[in-house]
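The chains referred to below are lettered A, B, ... by the order of the sequence lines, with proteins before strands, and numbering in each begins at 1.
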Amino acid sequence: MASTARRDVPEPPDFGILKRLARDQLIYLLEQLPGRKDLFIEADLMSPLDRIANVSILKQHEVDKLYKVESRPALSTSDQLCFLVRPRVKTMKYIADIVNADKMSGRSRKYKIIFSPQKFYACEMVLEEEGVFGDVTCDEWSFYLLPLDEDIISMELPEFFRDYFLEGDHRWINSVARALQLLNSLYGPFSRAYGIGRCAKMCYELWRELEEESEGDSQGRKPEIGNIFLMDRDTDYVTALCSQMVYEGLVDDTFRIKCGSVDFGPEVTSSDKSIKVLLNAQDKVFSQIRNEHFSSVFGFLSQKSRNLQAQYDRRRGMDIKQMKNFVSQELKGLKQEHRLLSLHIGACESIMKKKTKQDFQEMIKAEHSLLEGFDIRESTSFIEEHIDRQVSPIESLRLMCLLSITENGLNPKDYRSLKTQYLQSYGPEHLLTFHNLKRIGLLTEQAAGETLTAVESRVSKLVTDRAAGKITDAFNSLARKSNFRAISKKLGLIPRLDGEYDLKMPRDMAYVFSGAYTPLSCKIIEQVLERRGWQGLEEVLRLLNGTEFSEAGAAEASPGRDSQRTVLAVFLGGCTCSEMAALRFLGRERGCRFIFLTTAVTSSGRLMEAMAETRA
Amino acid sequence: MEWGLREELRDCLVAAAPYGGPIALLRNCARREKSPGARPLLDTFSASGLLLASIPWKSGQVVQLGWTASEDLLCIQEDGTVLIYNLFCEFKRHFSMGNEVLQNHVLEAKVFHTEYGTGVAILTGAHRFSLATNIDDLKLRRMPEVPGLQKPPSCWAVLSQDRVTIVLLAVGQDLYLLDNTSCSVVTPPGMSPSAGAYLQMAVSFNYRCLALFTDTGYIWMGLATLKEKLCEFNSSIRSPPKQMVWCMRPRSRQRAVVMAWDRQLMVVGNSTECIQFVLDEDSYLVPELDGVRILSRTSHEFLHEIPEASQEIFKIASMAPGALLLEAQKEYEKESQKADEYLREIKDQKLLPEAVSQCIEAAGYEHEPETQKSLLRAASFGKCFIDKFPPESFVRMCQDLRVLNAIRDYQIGIPLTFTQYKRLTIEVLLDRLVLRRLYPLAIRICEYLRLSEIQGVSRILAHWACYKVQQKDKSDEEVAYAINQKLGDTPGISYSEIAARAYDCGRPELAIKLLEYEPRSGEQVPLLLKMKRSKLALSKAIESGDTDLVYTVVLHLKNELNRGTFFMTLQNQPVALSLYRQFCKHQERETLKDLYNQDDNHQELGNFHVHSSYSEKRIEGRVGALQNAVDEYYKAKNEFAAKATEDQIKLLRLQRHLQEDFDKPYLDLSLHDTVSTLILDGHHKKAEQLYRDFKIPDKRYWWLKINALATRGDWEEMEKFSKSKKSPIGYLPFVEIAVKHHNRYEAKKYAPRVMPEQRVKAFILVGCV
């Protein structure tokens, strides 16, 4: 980044230990089933597993063949089967079917189920109902945290978003609390905690309870992370729904980054095979452009390639000894850099092809007017046309949601007509999708008959017992208004423009959206950290309709310490690359380090897909 | 002794637990035949003779009493039933030694302790042996028959060798060894052939040594493996001793056997001499780890080999360093310069550290606090003259002696020796104090030794509380209050465990009160479920924030309540409800419908039907499901959804017709795609019809149609269409689409018709600038 850091940013703690812990436990669990065995792995655990223990480690611990847990039964001949799965009812049935089939054919094998990150009673219940509970042994692999990068830790639980925010299912809260406990024990104690959102509050409280129970001796250790900020995804949907403009975000939107790595297809690699690339701080090229606005990436890359060429060119004037030195020491690094550079240039071109088309520019324009709140009519017709032309079901849905949430709901006429158009274009099953979106508060109708208070009274009637604070999220989202416009005004999210916004020399976090909008989530974090609490933000809080908290731990350390300038930002329900870029920018400006803990790295596409009902 | 017995010991069944443990007496049992009215009395005493409890014996004839390693009393009845009582004669449980024993009765029984726990061995009336090595994990073993055994063996003992429990028995002049499978005759090495018949045998505390007494008064002492003789002795007493036990100290080479006759006690060992004591009254011997306890009506004595450290110091005219140090200290106190002389003497030999250690060690073996003090004083004195003598052993000994003196007090009555105490460990000692309900002392010891709270104080408090809930004379409120007062928030206390105890004692109300104090809601739930307070359990589970727990309760409730009540319960607990819904979605879809029906959630019912329509294979089934959805949507006043679903039904029917007419898959296409496909296939009329029937907006239809036509390459039709009426989407899309399909010629046709403000763009696209 071009701007110079005001203060030295603290180095992130070493999260490698998290990987080692997970690996050691997995090996221990595998050894619990001595002898050769076949391992069945849940599809969405494959990539995370790969980051923890590769095939050769598994083979060392007598894993024979690897299978994917999928709908059709696998033909394994081993006498010992080990299943590495998420605690899901569907998977339990799959396993039960295998066991029952073996029973029918009179075959006896050993079965072991390893749940990650934890076992749920419901799963055992299903096993029991299917009559195989006695035949299997169950274990837990407490693999809560996967460090994706030096400052990103992911729980790799994309279903968290739908489960909690749509279905009102609280089962993952425990996992989050345990993850926090683990981080606190390794890198804490965290001396200050802030948070906003019901889920954040529940996680925080449960974590505190766990801490009290365990009585871990955290005194006397030097904390590496001093502050923690928890945020619910539903505090800010707008940011997550905007088209991403920073390089990492665009790569994610275009190619889908999966577990910290991306598959660049033939159109990028300019060969006939695709290449898997690990995207993290180790990638010298990527680490310098990931946070940049797309418009400045090309310039940077060409500069970089000139530099590289210059370095190559140095060998012209070399004598033999220097040449030997060059080949043995520098050439490899240069080649590596060269390879990465050409990949990223390829990726850029590919993105450019898609994004510089007129459509995209118009879409960005429409998005920006939605954010700023003018020309709503025009944007609405843009969306309508988008739907009519069947551009993309997910994109259409995203734009509709963005319209709804910035406008506090659609007016009844638009609400009906857009939905009708959508159903005609993309199929009637999306009727259920719309229901989901309404429940979660992403696509709503401006309240005509039913006022807010009416809903509130209905909710409060239902909530009579002590658990009141923790329930009825589904109802709550009905009552929830985004109040985006008012919040935006209050926090100054739309930067005043005098002249062109220089995207190469960003002034504030708004650069991640081409200077048109400062991400709300990041703005809240900035404000709270600056004020060391929520004082002065009462009005915003009222508009956000959130449950906020701010607690100081026992150990209030001196603010000069590195740990006090390290903030663990916890996103419950997912965090986007743009938000990370914005906060990294903020960190450089303020001389502090943000560590991201997210239930999964998300994007507008993933959020929409989580809501979409498909014909299964 | 405090007990003031009227009976003679020989008239009672006596059992005393090792490690200074309690004594049990069953009185009157012998006189039963004479006066059947008088019931026998079962008493337990502390080792100092304080009465712990006394109950009239109401069960059958008792053959043998014994104590388990955890100080429970075993009463072995004639019929093979073993009753287990605690220290306070409260009945705990019983078990039987099997049918064979029941039929043939118990002739003799022995209680023994091995590394597996406490065992019971029985000789039945049929002269067979049955044994159980661990009464807590009862596995009965019937030993093989001894060939030709017609009368009961004269004596027998249980041996434990290489983790196997075996029985050694003597019949006349023969010794038999019974293991699991076989019976073998054995001869002890070095046994004099004229020794005669065996009358008595004794196994040492550690099962290492064996002593045999024959009717010629000959005593053979050797290893229990019968591989080696240690020594022999001829007592010339021909009557069998009443009791014969080993008296030895761990790691000592001096081994001795103590024999008791009515009025005589004899100690024999590896020497030609023996020591004899006269017994004033009837006595009972209790073998211990490091000696023998001798119980009588009036006294309780401990006979042991004097440990080497004590010998060195207290031997007359001893010049051992410890003895000199003790002397030096005494002189020092008298302010005599002899102190220096003694000290020098030790120092010259460079034996001062040994002297100090000796004094410390010897202090441990002393029972009199005064002697302990003088030895420790000597040690402390000697320590001053040594550089860097590690203080731990001294401090540790002072602490240990403080604890030992406290428990040896006759009020407590646990006469542990230092050696026994070290073997027993402080944890077990604390357990024993807790068993005796000596909570305050136990806590004081914990505090004194600075044991960690969880290990020490809180464990004891929890035991106290568990005892407290059994006090039936106090009201629930009082007990709960008292417990909370005392326990407060002490770490490591589990209120739920105490509550569980209260519930076991039949005090559910108290249990609930106690559960209120439990800070971890998760801990409350299992007990509440057990107590059938499911609804309370449910709200507690929800409070805990642990969804897994909520699931547990919900699924428990599902089985416990009838469906209606179950649903009603869930209605009031949205968190539980949504969890259950999640579960049903995957596992029991039909239940989901019932759930929605229950609370008239027509919207969700509609969604449910739409969902299930997807799994219907046949089109009629699908339409049926959708029709249901329409009804529900209407009920939910969601006209939009109803209309949309009706449209879908219409579309489905139409698609089926199309499918039949054109023999092409149309089902499951969206309306847009259906029309588009029709145009692609050239069925323009049909497409028109759908456009009108479904009121497709003009804009959409135009987009759709030109796209499809361009894809089809039907430029003629496109031109016709463009002229059919004024385009609602303008003419730029025509240009764009033609360019997209690389048809510049066609594109040019439309460029002039584009609106003026977009015309430039159109021409640029076409390439005519």
Tell me, for [X] versus chain B, whether the close heavy atoms (under 4.5 Å) come from the side chain, the backbone, both or neither.
X      : value
A:K119 : backbone
A:Y426 : backbone
A:E130 : side chain
A:L423 : both
A:T420 : both

> Would you say B:R700's side chain and A:Q421's backbone share a donor-acceptor pair under 3.5 angstrom?
Replying inline: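 Confirmed, B:R700 side chain pairs with A:Q421 backbone.
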> If you look at every heavy atom in B:F694 and A:Q424, which pair is closest and at what distance?
Replying inline: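 Smallest heavy-atom distance, with atoms named: O-NE2, 3.7 Å.
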> Would A:R439 and B:E604 satisfy salt bridge (Lys or Arg N to Asp or Glu O under 4.0 Å), going step by step from the backbone distance to the final call?
Replying inline: CA-CA 11 Å; A:R439 252 174 77 165; B:E604 285 293 354; 2.9 Å; yes
> Does NZ in B:K650 sit with more than 12 non-hydrogen atoms of other residues, nucleotides or ligands closer than 6.0 Å?
Replying inline: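 Atom NZ in B:K650 is crowded, with more than 12 foreign heavy atoms closer than 6.0 Å.
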In Å, rounded to the nearest 0.5 Å, how long is the span from [atom1] of [X] to [atom2] of [Y]?
X      : Y      : atom1 : atom2 : value
A:L432 : B:Y614 : CG    : OH    : 5.0 Å
B:N607 : A:E613 : CG    : CD    : 8.0 Å
A:R389 : B:W703 : CZ    : CH2   : 3.5 Å

>> Please classify the contact of B:I696 with chain A as side chain, backbone, both or neither, using a heavy-atom distance under 4.5 Å.
In response: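 Contact with chain A involves both backbone and side-chain atoms of B:I696.
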>> Can you list everything that forms a side chain to side chain contact (heavy atoms under 4.5 Å, CB included) with B:S670? Sequence neighbours excluded, please.
In response: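 With sequence neighbours excluded, B:S670 shows a side chain to side chain contact (heavy atoms under 4.5 Å, CB included) to A:Q390, B:H672, B:D673, given in chain and number order.
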> Which residues pass the side chain to side chain contact (heavy atoms under 4.5 Å, CB included) test with B:H602, sequence neighbours left out?
Replying inline: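 Once residues adjacent in sequence are excluded, the partners of B:H602 under the side chain to side chain contact (heavy atoms under 4.5 Å, CB included) criterion are B:D600, B:L605, B:E632, B:K635, B:A636.
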> Is there a side-chain contact between B:Y633 and A:L431, using heavy atoms and a 4.5 Å cut-off?
Replying inline: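 Result yes, sub-4.5 Å side-chain heavy-atom pair found.
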>> Do B:Y551 and A:M125 have side chains that approach each other closer than 4.5 Å (heavy atoms only, starting at C-beta)?
In response: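 The answer is no, as the side chains (C-beta and beyond) never meet within the 4.5 Å cut-off.
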> Out of B:V675, B:V554, B:L555, which one racks up the most heavy-atom pairs below 4.5 Å with chain A?
Replying inline: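 Result: the option with the highest number of such pairs is B:L555.
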>> Shorter than 4.5 Å, heavy atoms on both sides: which option in B:Q603, B:K699, B:R581 has the most such pairs with chain A?
In response: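 With the most close heavy-atom pairs to chain A, the winner is B:Q603.
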